[in-house]
Enquirer: 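Shown below is the structure under consideration.
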Amino acid sequence: TVGYWQNLLGTKNVLSCPESRINHAYRAMTVHSLLGTATRNGRKTQTDGLPYPMTFILSYYDTLRLYDQFGVSEVMRNSLAEMTGRQQPDGLIVDTTVTHGRMILASHGQVMSSLATHVFYTQDKAFAEEIYPALQKAVECIENDHRANANGLMRASEPFDAEMILGHYTSHNLWGLTGLRNAIRVARFLGKEADVTHWTELHASFEKSVLAALDASAEKDGYVPTGLYEFKTGQTSRAGFAEYQTNQDWENSFLAWPCEVLAPNDFRVAATVDRLRKFKYREGIMTYRNGQHLHQYVTVNSTMQDVVAGRDKKALIDVYHILLHAGSCHDAFE
């Protein structure tokens with residue numbers, strides 16, 4: 001068993017860091033992800049890690065990129081069909097597992113970015129051609145939403161998980177813009193010049209709408225909320241849900257990484273994560289349901305904003321608190 005894992009991961013993508021636990025955790029957490037598979041109907045597919053037996057395609061952005069870094073992305077090939085297989089006639093890519101079967105926004109830009117990022121890592125033109133029709137339909141979905149909404153954003157969504165609000169999710173639009181940008185890169189990689197031109201014009205228009213929404217929605221201290229413009233929380237958003245069960249900060253902090261919508265030194269980037277540390281952290285890590293549950297991996301969302309912004313000390317303190325909440329074998333929540 002030891003030989004198997006050392007042969008698979010032992011000499012690949014080696015970090016040079018004086019803190020041995022970080023080096024060990026990086027590999028151990030990759031092992032835990034690789035162990036999180038399930039065989040259904042004769043096909044082994046990736047799940048969302050050991051705690052969850054289901055397949056959450058919105059998580060593939062992290063998992064697939066991790067596997068690409070170690071050169072073991074072949075374990076995801078069976079799972080990649082899950083991404084394009086859940087695309088709807090209007091081009092919307094829906095993670096029906098996390099939305100409980102509802103055809104609403106949840107994973108569109110994430111999946112677009114997952115597919116595109118795999119192309120960038122592997123430089124696999126055959127794979128790029130294979131997934132390109134799905135990207136074309138996904139871009140068409142973004143364009144139709146952008147044109148249909150007076151505010152130029154993607155469609156509003158309802159409470160389903162994560163942020164749990166009713167309205168235009170900040171994260172859905174950050175990811176939509178990122179997915180569009182990555183689709184343009186794939187089109188350029190394949191020499192699809194007509195799409196590059198049209199999609200670049202669309203990106204400029206959509207980006208203008210997203211930036212205007214951020215300008216209008218950010219609070220005076222710079223904090224960017226979970227929703228853009230007006231949105232509903234608590235009982236008014238979903239019957240039976242108390243206020244603390246909704247309006248959960250999640251990926252509204254993805255302002256500088258991985259979505260690159262704001263510059264790392266934009267004051268709203270630091271203001272948003274500083275607000276979370278002040279009010280939402282417990283025991284040094286982020287919480288879910290606004291302080292009710294410790295939530296280890298969502299902490300990384302804030303940490304990475306500080307990494308790209310050069311706020312190294314804050315990022316390092318987060319890293320140690322994340323490691324502190326890992327198990328003795330570096331197993332982490334999800």
Enquirer: Side chains of Arg311 and Asp274, heavy atoms from C-beta outward: is any pair under 4.5 Å?
Expert: yes

Enquirer: Under the criterion side chain to side chain donor-acceptor pair (under 3.5 Å), I'd like the reasoning laid out for Tyr297 against Asp62: C-alpha separation, chi angles, the key distance, then a yes or no.
Expert: CA-CA 11 Å; Tyr297 83 73; Asp62 292 313; over 6 Å; no

Enquirer: Under 3.5 Å, is there a donor-acceptor pair between the side chain of Asp95 and the main chain of Leu58?
Expert: yes

Enquirer: Got a sec: does the NZ of Lys137 have more than 12 other heavy atoms crowding it under 6.0 Å?
Expert: yes

Enquirer: Hey, what's the ring geometry for Phe70 with Tyr26, parallel, tilted or perpendicular (30° and 60° as the breaks)?
Expert: tilted

Enquirer: Kindly check if the number of other-residue, nucleotide or ligand heavy atoms within 6.0 Å of CD (Glu230) is above 12?
Expert: no

Enquirer: Do Asp306 and Lys314 sit within salt-bridge range, that is, some charged N less than 4.0 Å from a carboxylate O?
Expert: no

Enquirer: Go through it in stages, so that I can follow the logic: the residues are Trp250 and His295, the test is side-chain contact (heavy atoms from CB on, under 4.5 Å), and I'd like the CA-CA distance, side-chain angles, deciding distance and then a yes or no.
Expert: CA-CA 11 Å; Trp250 190 259; His295 204 296; 3.7 Å; yes

Enquirer: With salt bridge (Lys or Arg N to Asp or Glu O under 4.0 Å) as the test, would you mind laying out the steps for Lys278 and Asp221 before giving the verdict?
Expert: CA-CA 13 Å; Lys278 185 175 182 179; Asp221 66 355; over 6 Å; no

Enquirer: How close do Gln46 and Gly36 get, heavy atom to heavy atom, and via which atoms?
Expert: NE2-O, 3.3 Å

Enquirer: Using a 6.0 Å cut-off, check whether atom NZ of Lys12 has over 12 heavy atoms from anything other than its own residue.
Expert: yes

Enquirer: Does Thr117 reach the main-chain N or O of Ser114 with its side chain, forming a donor-acceptor pair under 3.5 Å?
Expert: no

Enquirer: Would you find a donor on one side and an acceptor on the other, under 3.5 Å apart, between the side chain of Arg27 and the backbone of Leu9?
Expert: yes

Enquirer: Between Asn247 and Thr226 (side chain of the first, backbone of the second, donor and acceptor by atom type, cut-off under 3.5 Å), is there such a pair?
Expert: no

Enquirer: Can you see which heavy atom on His293 is nearest to which on Arg289, and at what distance?
Expert: CD2-CB, 4.3 Å

Enquirer: Step by step, work out the ring-ring contact (aromatic ring centres under 6.0 Å, His included) result for Phe279 and Tyr223.
Expert: CA-CA 12 Å; Phe279 294 110; Tyr223 164 76; 9.2 Å; no

